Number of protein chains: 2
Amino acid sequence: MRKPRSNGAAPLVDPMAARLGYQLRRVSVLMMADLGTRLAPLGLRPAEVSILLLIGANAGCRQGEVGETLGIKRANMVALVAGLIKKGFVARARADGRSHALSLTAKGRARTLLVNRLLDRQEAAFQSRLDRKALTGLVAALVSLRG
Amino acid sequence: MRKPRSNGAAPLVDPMAARLGYQLRRVSVLMMADLGTRLAPLGLRPAEVSILLLIGANAGCRQGEVGETLGIKRANMVALVAGLIKKGFVARARADGRSHALSLTAKGRARTLLVNRLLDRQEAAFQSRLDRKALTGLVAALVSLRG
DNA sequence: TATTGTTATACTCTATAACTATA
DNA sequence: TATAGTTATAGAGTATAACAATA
């Protein structure tokens, strides 16, 4: 039996509080929303930023490689890359006849610097909520969780 | 200067590898997709499950309280709760004239048991990828990150 | 006037299937 | 035949604004 709530203003009991997947999701949504807000003035969305940074670190890479590395399906890469090209951040060259070699434009490299500073600030804002103990190995643990 | 890639089959360099928000997002998406697959046979989606479990632990709670606790906007709660009622898992009673008191049906309680067992299995599957050291305090760290 | 639920609508990210062109 | 990119479409979750009914 589950007893009905003794109503007043008591907060609800959260049975998912100890669930890894649930807490992961809540934090992820929070950080993504925060990132989206921070990125808006730069004219970029989170997914676009991940592509921009990856191309910046791998000039000449193919579109499919980018998607595979980021976990973005080929079909979804099309509009994302097209958007970055349209905004003048990315350039596309023939690599193979059926594949594109992607690289950043000068404008794209400049924007990448701004994005990295923005990411540094966001990282700092969130990491300040953790003590050193909790911070150590957190990212490594997340990477491990991806198996 | 960024040197072009020496093409062969070398994996790309990932400049987001050390970013907390990025790794959080990747793991979250992975676990959500996995959860979605596991839940499909039960006729539930992840968001519905969070509502179902919360109501199960707080019989008589109002719809708005549920949304607030879970971070789901009032507007989005409407269809989610309506779906759970339609499936016969949740019952709605007048509480206030303008607010609904939600509770589980017998069918909803039975389904909750299955869901919890399913979540236990998922948790175990992912936690097996971590050593004890990394596991300790991980959920606590995530909760802290939500400020 | 503030709260609760509701409707309508849009955006972001993800997923699948089928198509084209090239290797 | 297999690969790279593309198109079309759908789904899940989230967001905002405006409205009705009630407190």
Side-chain angles (χ1 to χ4, degrees), chain A residues 7 9 21-22 24-40 43-51 55 60-86 90 92-102, chain B residues 7 9 12 21-22 24-40 43-51 60-86 90 92-102:
Chain A
N7 244 327
Y22 173 75
L24 223 29
R25 169 75 174 163
R26 294 297 301 270
V27 181
S28 173
V29 167
L30 179 65
M31 288 193 75
M32 283 284 283
D34 176 74
L35 181 58
T37 301
R38 291 172 189 255
L39 284 174
L44 289 167
R45 288 166 296 158
E48 291 177 317
V49 158
S50 68
I51 294 172
I55 294 173
C61 59
R62 285 176 298 103
Q63 187 168 314
E65 290 180 299
V66 175
E68 198 176 344
T69 303
L70 297 176
I72 300 174
K73 293 273 188 300
R74 290 190 305 282
N76 298 323
M77 284 294 296
V78 179
L80 288 165
V81 169
L84 290 171
I85 292 173
K86 188 172 182 181
V90 168
R92 173 157 54 189
R94 285 287 165 287
D96 178 69
R98 71 180 166 183
S99 56
H100 303 159
L102 302 176
Chain B
N7 246 325
L12 300 188
Y22 173 74
L24 223 28
R25 168 77 174 160
R26 294 297 302 270
V27 181
S28 174
V29 168
L30 179 64
M31 287 193 74
M32 282 284 282
D34 176 74
L35 181 58
T37 301
R38 291 172 189 256
L39 284 174
L44 290 167
R45 289 166 296 158
E48 291 178 316
V49 158
S50 68
I51 295 172
C61 59
R62 285 177 298 103
Q63 188 168 313
E65 290 180 297
V66 175
E68 198 177 342
T69 304
L70 296 176
I72 301 175
K73 293 274 189 296
R74 290 191 305 284
N76 298 325
M77 284 295 296
V78 179
L80 288 165
V81 169
L84 290 171
I85 291 173
K86 189 172 182 180
V90 168
R92 174 157 53 190
R94 285 288 165 286
D96 179 69
R98 71 180 166 185
S99 56
H100 302 159
L102 303 177

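All heavy atoms count here, side chains included; hydrogens, waters and symmetry mates do not. Computed from a predicted model, the values in this text were never measured in an experiment. In what follows, chains carry the letters A, B, and so on, assigned in the order in which the sequence lines appear, proteins first and then strands, with residues in each chain numbered from 1.
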Where is the tightest heavy-atom contact between A/L39 and A/P46, given as atom of each residue plus distance? CD1-N, 3.7 Å

Polar atom pairs between nucleotides 17-21 of chain C and protein, under 3.5 Å, N or O only, would you list them?
none

Round to the nearest Å and state the distance from B/M31 atom CE to C/dT14 atom C1'. 18 Å

Under the side chain to side chain contact (heavy atoms under 4.5 Å, CB included) rule, collect the residues that match up with B/M77, sequence neighbours excluded. B/I51, B/Q63, B/V66, B/I72, B/V81

Can you tell me how far C1' of C/dT6 sits from CE of B/M77, to the nearest Å? 13 Å

Interatomic distance where CD belongs to B/Q63 and C1' belongs to C/dT7 [whole Å]: 13 Å

If the condition is side chain to side chain donor-acceptor pair (under 3.5 Å), which residues does A/D34 pass it with, not counting sequence neighbours? A/R38, A/Q122

Could you check whether any side-chain heavy atom of A/R62 comes within less than 4.5 Å of a side-chain heavy atom of A/H100, counting everything from C-beta outward? no

Return the value, rounded to whole Å, for the distance between atom CG of B/L35 and atom C1' of C/dT14. 15 Å

If I take atom CD in residue A/E48 and atom P in nucleotide C/dC11, what distance separates them, rounded to the nearest angstrom? 14 Å

Residue pair B/R45, B/L80: steps toward the side chain to side chain contact (heavy atoms under 4.5 Å, CB included) verdict: CA-CA 10 Å; B/R45 289 166 296 158; B/L80 288 165; 4.0 Å; yes

Any residue meeting side chain to side chain contact (heavy atoms under 4.5 Å, CB included) with B/L30, in chain and number order, not counting sequence neighbours: A/R146, B/F126, B/R129

For A/E68, is there any backbone N or O sitting under 3.5 Å from a side-chain donor or acceptor partner on A/R74? no

Using heavy atoms to find the nearest nucleotide of DNA chain C for B/A33 and A/R45 separately, return the residue whose nucleotide is more 5′. A/R45

B/R62 atom CZ is separated from C/dT6 atom C1', nearest whole Å, by 16 Å

Calculate the interatomic distance between A/L44 atom CG and C/dT12 atom P; express it in whole Å. 12 Å

Toward the 5' end of DNA chain C, which comes first, B/A101 or A/M32, by nearest nucleotide? B/A101

Would one find a side-chain N or O of A/K73 under 4.0 angstrom from OP1 or OP2 of C/dT14? no

Could you check whether B/R94 gets within reach of a base, just the sugar-phosphate, or nothing at all, counting any heavy atom under 4.0 Å? nothing

Mapping B/A47 and B/D96 to their closest nucleotides on DNA chain D, which lands nearer the 5' end? B/A47

Does A/M32 form a side chain to side chain contact (heavy atoms under 4.5 Å, CB included) with B/R25? I'd like the steps, not just the answer. CA-CA 8 Å; A/M32 283 284 283; B/R25 168 77 174 160; 3.5 Å; yes

From the 5' end of DNA chain D to its 3' end, which nucleotides mark the outer limits of contact with chain A, defined by a 4.0 Å heavy-atom distance cut-off (strictly under)? D/dA2 to D/dT14

Restricting to side chain to side chain contact (heavy atoms under 4.5 Å, CB included), what partner residues turn up for B/A95, sequence neighbours left out? B/S99, B/A101

Rounding to an integer number of Å, can you tell me how far A/L70 CG sits from C/dC13 P? 12 Å

